[in-house]
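For reference, the structure discussed in these notes is given below.
We count ligands from 1, going down the list as the structure has it; atoms in each ligand are counted the same way. Here the structure is a predicted model, which means the values were calculated and not measured.
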Amino acid sequence: MKFTLQAKDTNSKARAGVMETAHGTIETPIFMPVGTAGTVKAIHQHELVNDIQAQIILGNTYHLYLRPGLDVIQKAGGLHKFNGWDMPILTDSGGYQVYSLTEVRKIREEGVTFRSHVDGSKHLFTPENVMDTQRIIGADIIMAFDECTPYPCEYSYARKSIEMTHRWLKRCCDRFDSTEPIYGYEQTLFPIVQGSVYKDLRQRSAEVIASFEREGNAIGGLSVGEPAEEMYAMTEVVTAILPEEKPRYLMGVGTPVNILENIALGIDMFDCVMPTRNARNGMLFTRNGIINIKNEKWKDDFSPIEAESDLFSDKFYSKAYLRHLIRSQEILGAQIASLHNLHFYLWLVKQAREKIIDGTFYEWKNKMVVTLAQRL
Ligand SMILES: CNc1nc2c(CC[C@H]3O[C@@H](OC)[C@H](OC)[C@@H]3O)c3nc(N)[nH]c(=O)c3cc2[nH]1
């Protein structure tokens, strides 16, 4: 996977670049719609490509391993063939899900045993078998098996945890580098920096991750409930150490404001369930601020969802109609709101990229973060 830096902001650490994968190119900064179980919830493939110009989507090892199962995905010829998305895919390793979705789990040096949240069956994830699983899924970018520490987390626990995450990373690299792609195209492994909210642990983890010299690097263990200032402080510490010429992926982030602030801190790639999950509950992100469409004030507002947007459904449907759909829990409500939010997130990072290239990012970012936080 090749990464070319195209522009760097002079007033911040923001940068614009392009990643080249076996399934196409990705222009950064980029937002990656989350398609946990092999689908971006409520969105059709042609909408992802044509309406919101998504460039890469996410899948998740934990979910896909449990359902539909690796046999189905392998028989299909990999996830791209299975869900018909012939552009780049990134899969997370499942480490986070094992901690966030399962009750009964044990973390050992060997790996993590857990019970499926689907049918209670028992499973073991190890650095080795999670690499094999991601080979079978066939994502272009795969993530190392790590421990995402909770927030808050004792310093002593976080210190022990990064050492295990680093030992697991070595096992991931050994396994990945000694196996071949199954479907004939190259895959890339990203390691993940941990260290909770402790500056010295973040520095140590970033140095160890950088020393593996992989083609891209991720920052984990954030967006787990810590205050935004802590997230920004840790990101700043880590981006000062991760190599400038490799893409940086901040996992699970975030709100539109989080994304702009972290672009300014040198992050290139983002993923978050907020645009789709919150859409289903009626929370719309717009260039003028946040709309809670369920609010009484939109009851007879027949103006378009977002008149300035170039998305057909933003102009075609009214706020009053979408409010009715969401309150009635109509499927169309989830579809319209999810497409709107994803379109907005992709528009926002595209705007950031263009401003970085034309040298106006910093002033634009400082104005936008005020506007985007407004409740309309
Ligand atoms: C939300 N905040 C957050 N997400 C995070 C994720 C992805 C969640 C993954 O789960 C699914 O979304 C819930 C997505 O999977 C498609 C995402 O990639 C993380 N993954 C790993 N391996 N390590 C981390 O330290 C980590 C931290 C996170 N913080």
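- With sequence neighbours excluded, the residues that form a side chain to side chain donor-acceptor pair (under 3.5 Å) with Gln97 are Asn60.
- His44 pairs by the side chain to side chain donor-acceptor pair (under 3.5 Å) definition with nothing, not counting sequence neighbours.
- For the residue pair Arg353 and Gln6, a side-chain donor N or O sits within less than 3.5 Å of a side-chain acceptor on the partner.
- Around ligand 1 you find Val34, Thr36, Leu58, Gly59, Asn60, Asp92, Ser93, Tyr96, Gln97, Asp146, Cys148, Ile192, Gln194, Gly220, Gly221, Leu222, Ser223, Val224, Met251, Gly252, Asp271, Val273, each with a heavy-atom distance below 4.0 Å.
- Every residue meeting the side chain to side chain contact (heavy atoms under 4.5 Å, CB included) condition with Ala279, not counting sequence neighbours, appears here in chain and number order: Ala337, Ser338, Asn341.
- Put simply, CD on Gln55 and NE2 on His23 are 15.5 Å apart, with the number rounded to the nearest 0.5 Å.
- Annotation: cation-pi geometry satisfied between Arg135 and Phe176 (NZ/CZ under 6.0 angstrom from ring centroid, within 45° of ring axis).
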